[in-house]
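If you scroll down you'll find the structure; I have some questions about it.
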Amino acid sequence: MERHKIAALIHSETPVDTVMIKGWVRTRRDAKSFSFIEINDGSCLGNIQVIADATLPEYDQVRKLTTGSAVHVSGALVASQGGGQRWEVQASAITIISLAPESYPLQKKRHSDEYLRSMAHLRPRTNKYGAAFRIRSELSYAVHQFFRERGFRYIHTPIITGSDCEGAGELFRITTLDLMNVPIRDRAVDYEKDFFATEANLTVSGQLSVEMFALSLGDVYTFGPTFRAENSNTRRHASEFWMIEPEMAFCDLAGNMDLGEDFIKAAVSFIMDNCQEDLNLFARFVDKTLMATLENITTSEFERLPYREAVAILERAKKKFEYPVSFGSDLQTEHERYLTEKHFKKPVIVYDYPKTIKPFYMRMNDDNETVAAMDVLVPSIGELIGGSQREERLEVLEERMDEMGLEKEPYWWYLESRRYGSVEHSGFGLGFERLLMLITGIRNIRDVIPFPRTPGSIDF
RNA sequence: UCCCCAGUAGCUCAGUCGGCAGAGCAAGUGGCUGUUAACCACUGGGUCCGCGGUUCGAGUCCGUGCUGGGGAGCCA
């Protein structure tokens, strides 16, 4: 007989004569002549209540069941006599797959996030983390569904890269050299002796690679892991995270902003429609304003304003900022949050940033002072998307690289795309975990990644 | 990397002016009950984060290190 998932039984329309479930005991309550056992198998947030009568031959074993133990239950799905649940399983046979001893660290009460972080291998067995990671799975699906419905192709850009493409943060070096005996040539490490015969790193962005595919397949995206060796210690940064990077040929900055806004709305709506039960846990216990926030995102039109106007608003603001604002300075976290949380009270897209604070590949505007960049700012998270129209004019691109003192040789292939049939194109990067934080109300990025990596921390 | 806060029972935390180490929950045992994070009683449980210092005496004061959290920078 095939195992029934608890998610299916809970939503059953009718009683079922014979069912078989396997799962982990959440709690056991003993009555005079029988026991209640709450079982969870991870298929959904809810448990199913099992009634184990004292007449069962294995009943003395049932009395020993502890929280965390694994069991196999056969029986009938019947209407529950008690309140609180529609169905319950009247057991005809219970097999203990394995017992969890009293040292099992998860109790039948809420634990702090910090405590659960120290046991990332067990925390998905809790309601909150089980819900978080089911939503993470659904959100991944929503990403692919969104792009596929719009005719985008999924491109697997490399995880190992040969050069510091884009300079987006510090890199993790990968090597097979013997670190106790590093080959030296001309008083420097001789990378010609290394695995790839040159320096190699983990990717910090798939953008430059995926641009090549936008310039051949049209509308494309990447969705994969990204690595930053920045020593940043905040609740919004991790050393390994997942990024979604769409790239569109024949698309300008306005089209880019349209896609970003559509994507965020679609992702939020997908989870609201498909993960109601799990989402409700976060709305009740994690962030009381969550549903209002999500409604606000799906229903409001994102405010779009040039960087110049954003600075003007901040200069007029009565609020005292720690960092002064002026044209040419990047917006600080406090500025971004003021714009989206206080001033507009909804997601905001700031565009046309000064060229001095943005990377070389962003398209120069006609004012020769700003570039066609755009950031999407959302309440509580801050920057969720960073993107731009890319510079498609070879001579302008090379001029920018010279200005910024970049060597052109490592980018020869990138520059060739501007030499052969170059067209306007645009794209952005969106932090998957930040989107998940926005949707669940979870405030620390370490709590939306199964096994998070941060500076000084790589347990599990 | 910088600034701030914290570290006491398995968990969450209290501990006054420097003077006998505490509570709730959990666990164990027993009881009661179609129960819902059940309930009642009893029992066990401590390297007060480490190291050094001040003191007759340090969980408490000082120095230092480690770990965790929050904020900033950097960014997604």
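The analysis underlying the following values was restricted to heavy atoms, covering all of them including side chains, and did not include hydrogens, waters or symmetry mates.
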Exercise. When the nearest nucleotide of RNA chain B is assigned to F36(A) and to E336(A) on a heavy-atom basis, which residue is associated with the more 5' position?
Worked result: F36(A)
Exercise. Do K22(A) and D41(A) come close enough that some side-chain heavy atom pair is under 4.5 Å?
Worked result: no
Exercise. With sugar-phosphate meaning primed atoms plus P, OP1 and OP2, does Q332(A) contact a base, only sugar-phosphate, or nothing at under 4.0 Å between heavy atoms?
Worked result: sugar-phosphate
Seminar exercise, completed: The residue, G456(A) or Y323(A), whose nearest nucleotide of RNA chain B is more 5′ is G456(A)
Exercise. Roughly how far apart, to the nearest Å, are A37(B) and C74(B) at atom C1'?
Worked result: 42 Å
Between the protein and nucleotides 38-40 of chain B, list the N/O to N/O atom pairs that are separated by less than 3.5 angstrom.
from   : atom 1 : to      : atom 2 : distance (Å)
A38(B) : OP1    : K108(A) : NZ     : 3.3
A38(B) : OP2    : T27(A)  : OG1    : 3.3
A38(B) : OP2    : R29(A)  : NH1    : 2.9

Exercise. What is the nucleic acid contact for F432(A), judged by heavy atoms within less than 4.0 Å: base, sugar-phosphate only, or nothing?
Worked result: nothing
For this session: Answer yes if the ring centres of F147(A) and Y154(A) are under 6.0 angstrom apart, and no otherwise.
Result: no
For this session: Using the P atom as the reference point in each nucleotide, state the distance between U16(B) and U36(B) in Å, no decimals.
Result: 39 Å
Seminar exercise, completed: side chain to side chain donor-acceptor pair (under 3.5 Å) with D447(A): of K128(A), R117(A), R235(A), only one passes, and it is R117(A)
Exercise. Looking only at atom types and distance, does a side-chain atom of D252(A) sit under 3.5 Å from a main-chain N or O of G255(A), one as donor and one as acceptor?
Worked result: yes
For this session: Evaluate the criterion side-chain hydrogen bond (donor to acceptor under 3.5 Å, both in side chains) for residue pair Y323(A) and E334(A); output intermediate values, then yes/no.
Result: CA-CA 8 Å; Y323(A) 292 87; E334(A) 57 176 343; over 6 Å; no
Exercise. C1' atom, G50(B) versus G44(B): distance in rounded Å?
Worked result: 28 Å
Exercise. With sugar-phosphate meaning primed atoms plus P, OP1 and OP2, does Q85(A) contact a base, only sugar-phosphate, or nothing at under 4.0 Å between heavy atoms?
Worked result: base
Seminar exercise, completed: With sugar-phosphate taken as primed atoms, P, OP1 and OP2 and all else as base, the protein-contact string of nucleotides 3-13 of chain B at under 4.0 Å (heavy atoms; B, S, -) is -------BBS-
For this session: Would you mind classifying the nucleic acid contact of E240(A) as base, sugar-phosphate or nothing, using non-hydrogen atoms under 4.0 angstrom?
Result: nothing
For this session: Pick base, sugar-phosphate or nothing for R117(A), based on heavy-atom distances below 4.0 Å to the nucleic acid.
Result: sugar-phosphate
For this session: State, with a plain yes or no, whether a side-chain heavy atom of E240(A) is found less than 4.5 Å away from one of P452(A).
Result: no
Problem set entry | Pairwise side-chain contact, N127(A) with R110(A), heavy-atom cut-off 4.5 Å (strictly under) | no
Exercise. Is it true that atom CZ of R284(A) has more than 12 heavy atoms of other residues, nucleotides or ligands lying nearer than 6.0 Å?
Worked result: no
For this session: Consider the side chain of H237(A), meaning its heavy atoms from C-beta on, and name the nucleotide among G71(B), U35(B), C74(B) that approaches it most closely.
Result: C74(B)
Problem set entry | Touch class at under 4.0 angstrom, heavy-atom based, for I51(A) against every strand present | base
Seminar exercise, completed: Across every strand shown, the nucleotide meeting Watson-Crick or G-U wobble geometry with G10(B) (both distances under 3.5 Å) is C25(B)
Problem set entry | Ionic contact status for E369(A) with R308(A), cut-off 4.0 Å | yes
Exercise. Given atom CG of N444(A) and atom C1' of G71(B), what is their separation to the nearest angstrom?
Worked result: 13 Å
